[in-house]
Structures are given as structure tokens and as C-alpha cells.
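This report refers to the structure that appears directly beneath it.
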There are 2 protein chains.
Amino acid sequence: MDPDIARNRLLDAAEELFYGRGVQAVGMDELRSASGVSLKRLYQLFPSKNDLVEAYLRRRDTRWREALAAYVAERTDPRARVLAVFDWLHDWFAGPGFRGCAFLNAVGELGGISPAVVTAAREHKDAFHRYLAELTADAGAPPEAAGHLALLAEGAIATAGVTGSPEPARRARSAAEALLQPKGSPA
Amino acid sequence: MDPDIARNRLLDAAEELFYGRGVQAVGMDELRSASGVSLKRLYQLFPSKNDLVEAYLRRRDTRWREALAAYVAERTDPRARVLAVFDWLHDWFAGPGFRGCAFLNAVGELGGISPAVVTAAREHKDAFHRYLAELTADAGAPPEAAGHLALLAEGAIATAGVTGSPEPARRARSAAEALLQPKGSPA
DNA sequence: CAGTCGGGAGAACGTTTGTTCTCTCGCAAG
DNA sequence: CTTGCGAGAGAACAAACGTTCTCCCGACTG
């Protein structure tokens, strides 16, 4: 079997299982049967479970941000692009198997014992916040708005992860609209 | 040893260890030596680790909300009372051993396998949101403001948990001030 | 004082974990 | 054809887990 294919199948299985049930609840044996990749191969590709966890988070970060950017890219109006972030969140929350933010979950589970996981989560959040800052700057919003919208998005993700409802995305969107109005300039 | 004392010492140890390192990273044996309560007594007070986890979350919920309410109660101006929530969050984030929201962490770790943990987290978040709704209603804010401020608070908690910095509390406070202004009524 | 009950300390148990080892087979090179 | 390398399947391993059991002492009752 081609190493790249094995790697992908492994990461696919890791993502589904780690995200769906938590890292510590999934054993290497289950990963092997879910991916169809032998334990020997698994351990030459990822010398330890931690390495696999890191790779899982890194790939998820990339894909998550690419999906968001692709969704936003369908709009051209700068203000609509900012608000599209919250629409995308809503779709994500409502999708099958949604179980909160993989990075928040991983930090909750492993943050106390694995600094690498904390680092990965921090980089993911930073990258997302930078992206949001670009969008808000393009929309002509005041500079502090980026940080405010980032908090709304994080709050929506965390709340949706606990409640299981996509509603926080709509609420965050409506708050974002309010914040994007420069003071004292409603219709 | 008095059962109530044993129970408290157990919950103290559980809170420190579970919160600081995660539930699955702490074994019953460590709980025993940290609390000084024998395993036999431990298992008659909490027949399984899950029961102890639940009790830990429930006590933490109560204390957390009481501490917040006590802090808020020091102010009388309705608007200041709302903003005090974010000041309290800042103090919490900056305190020693802060490692994010115990409930978010527990859901990240056990949400996929323990519905009771998810329920406890949901109740905690609900109670907090209801409290925030009271405060905002008293401040004369529009009804949707409560949900908006809740998202800001949750976002600040999640972000501070990952980054370890108390700064998100200040940012959330400044966003909250902006949201509390009825549209078109700055100074 | 004798007897019994309850609890503390920690050994023991069975399971599960992450990781490594063994065995076997297919296939490519000489 | 034979020889050897690499990989797959899964047994094996040591450690750690949650939970239960054994042993022993110390205190209260008659």
C-alpha cells in the first residue's frame, strides 16, 4: 500500500474517531481496524499516538480554514463577507456529527498534559483571528471590531458545542451586525 | 473521620486534580493520596469515578456562580453590574491555576462518552445565561442583548483558556459596552 | 475483659492501553 | 528456483486503570 494513501486513511480515521469520541477514548487498535492500516505501518508513519494527534489537529486546522475561506470567497461585498463567517458557522454547527471545536476539545482533554496540543490550538485560533481581522478591516470597521467579532465567533462555537444547537451562530451574527454599525449610525 | 469532611476533602482534591490535569489523567489512587481519604470510603461516598466527576462539576457550578454573584452584588448601578461580570472574568483568568472553563474542558474530554457530563455543562451554561439576562434586563438593555453578552463571555472564557491570557476579558468588556449603547446614542 | 463491628492501608484483579515482537507470506533480484 | 527483504496480522508485553478484597487494628457493647 502506498504510504501517502495509508497516511490519509489513518488521518481520516483519526479525525472521525478522535473528534467524535475524544482522543483518549480511542485506542490504537481501533484506529488500525478503522483505517485498514497495519499497526507496523501506523507506527512508522506516526511514531507515537501524540504524533498522530498533532497531525490530526494540523490537518483539521488547514481544512477548516480553507472551507471557511472558500465560503467567504463567494461574496464580494466587504460587509457581507464578514457576516458570511457566521453563516458558515451556522452550517457547520448544523452539519452531521458536529461536536464543538476540535481544538477546544483537545485542549480540554490534553491541555494539562500535552503542551503540543495547546500550541496547535493556539495557532489555529490565532490564524482564525487574523483572518477575521482582514475581513473586518476590508469592511472599514474600527480596529477593535476584529477582536470583538472573534470573541463572538468563539463564543458561538463553544456554546454550540455544548448545547448542540446551531442557534448561537445566528445570535452571533446579529451581535456582529450591531457591532459593525459605527456608533450612532443606524438607518 | 467524619463523612462530610471526607466528602469535602475528596471534592477538593478532585477539583484541583481534575481541573488542573483533566479527568482521565487522574487516577483514583492519586485522588486517595491527595485527599487522605481511603479507597473504601471513597467508593462508599462515590460508587464510581463518574459519580465523583459529576459531583465535582456540580459543586464547581454552584461555587462559580456564587462567587460571580457576590462580586456583582458590590455594585448598584445596573449598567455597572453588567460590566462587572467581565471584570470578574478578568480576575478569574488572571488567577493562579486558571485553565479554562471546567465544563468546556470536561465536555471536550468526556462529551463523546458521558451524557451526564454534557448535561451538567448545559445546566451550568444555562444558569449563567439566565443570570446575565437578569442583569441586562435590569440595565434596560434590549432583550437580544443578553444573548449577545453571553456569547462574548463564553468567547472570552474559551479564548482565555487556550491562550492563557486574561486579555479577552477586557476585550469582551469593551464589546459589551458597545452593545449596551442603544443604537445611535453615544455621548 | 471478650467480642464484634467499621474503617484504614494497600494488595490483588481483570481489563485496557500504547507499543513492540514474532511469524508468515508474497514478491523481486540474481 | 532460491534467497532475502518488507509488510500484514495479530500475539505479546509492561504499565496503568477502575474497582474489589484481604488483613488488621481500634473502639464501642455486654
Side-chain angles (χ1 to χ4, degrees), chain A residues 1-57 105-106 108-117 120, chain B residues 1-57 105-106 108-117 120:
Chain A
M1 182 188 288
D2 186 272
D4 280 354
I5 295 181
R7 203 186 141 87
N8 277 335
R9 298 227 280 177
L10 229 18
L11 287 172
D12 288 345
E15 181 147 10
E16 173 156 347
L17 294 171
F18 285 162
Y19 179 68
R21 304 221 311 271
V23 172
Q24 315 215 59
V26 175
M28 297 302 259
D29 231 52
E30 197 169 357
L31 244 13
R32 175 182 67 122
S33 42
S35 66
V37 174
S38 76
L39 272 184
K40 185 177 232 169
R41 178 81 81 152
L42 197 171
Y43 272 96
Q44 51 183 216
L45 288 168
F46 303 99
S48 78
K49 193 182 186 180
N50 268 341
D51 294 307
L52 180 55
V53 171
E54 261 191 74
Y56 144 61
L57 290 176
N105 290 349
E109 186 170 0
L110 303 166
I113 53 183
S114 165
V117 166
Chain B
M1 179 188 289
D2 186 272
D4 281 352
I5 294 183
R7 202 186 142 88
N8 276 335
R9 300 227 280 177
L10 229 19
L11 286 173
D12 289 344
E15 180 148 10
E16 172 156 347
L17 293 171
F18 286 163
Y19 179 67
R21 304 220 311 271
V23 173
Q24 316 216 58
V26 174
M28 298 301 259
D29 231 52
E30 198 169 357
L31 243 14
R32 174 182 68 122
S33 41
S35 66
V37 174
S38 75
L39 274 183
K40 187 178 232 171
R41 180 81 80 145
L42 197 171
Y43 272 96
Q44 47 183 223
L45 288 168
F46 303 100
S48 79
K49 193 181 186 181
N50 268 340
D51 294 307
L52 180 55
V53 171
E54 260 191 77
Y56 144 62
L57 290 176
N105 291 349
E109 186 169 1
L110 303 167
I113 52 183
S114 165
V117 166

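A note on names: the letters A, B, ... follow the listed sequences, proteins ahead of strands, and every chain is numbered from 1.
Legend: salt bridge (Lys or Arg N to Asp or Glu O under 4.0 Å) pairs involving residues 34-52 of chain A, not counting sequence neighbours: none detected. Residue pairs meeting the salt bridge (Lys or Arg N to Asp or Glu O under 4.0 Å) criterion with at least one partner in residues 20-31 of chain B, sequence neighbours excluded, are B:Arg21-B:Glu30, B:Asp29-B:Arg32.
Across the helix from C:dC1-D:dG30 to C:dG30-D:dC1, the helix axis at one end is tilted relative to the axis at the other end by 20° (nearest 10 degrees, each axis from five pairs).
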Test log, rule side-chain contact (heavy atoms from CB on, under 4.5 Å), inputs B:Phe46 and B:Glu54: CA-CA 10 Å; B:Phe46 303 100; B:Glu54 260 191 77; over 6 Å; no
Verdict with supporting geometry, A:Ile5 and A:Arg9, side-chain contact (heavy atoms from CB on, under 4.5 Å): CA-CA 6 Å; A:Ile5 295 181; A:Arg9 298 227 280 177; 4.1 Å; yes
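Here the P atom of nucleotide C:dC21 and the CZ atom of A:Arg41 are 19 Å apart, to the nearest Å. In this structure, A:Ile113 atom CD1 and C:dT17 atom P are separated by 15 Å, rounded to whole Å. The interatomic distance linking A:Leu42 (CG) with C:dT19 (P) rounds to 10 Å, in whole Å. To the nearest angstrom, P of C:dG6 lies 17 Å from CG of B:Asp2.
More than 12 non-hydrogen atoms from other residues, nucleotides or ligands lie less than 6.0 angstrom from CD of B:Glu15.
A distance of 9.0 Å separates CZ in A:Phe18 from CG in A:Leu57, rounded to the nearest 0.5 Å.
Of the residues in residues 10-17 of chain B, not one comes within less than 4.0 Å of DNA chain C through any heavy atom.
A:Gln24 places a side-chain heavy atom less than 4.5 Å from the side chain of A:Leu110. Residues A:Leu31 and A:Leu39 are not in side-chain contact: their nearest non-hydrogen atoms beyond the backbone lie 4.5 Å or more apart.
Side chain of A:Glu109 to main chain of A:Val23: a donor-acceptor pair is present (N/O by atom type, distance under 3.5 Å, no hydrogens or angles).
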Under 4.0 Å protein heavy-atom contacts per nucleotide of nucleotides 14-28 of chain D, with B for base, S for backbone only and - for none: ----SBB-B------
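Residues meeting the side-chain hydrogen bond (donor to acceptor under 3.5 Å, both in side chains) test with A:Asp12, sequence neighbours left out: A:Arg59.
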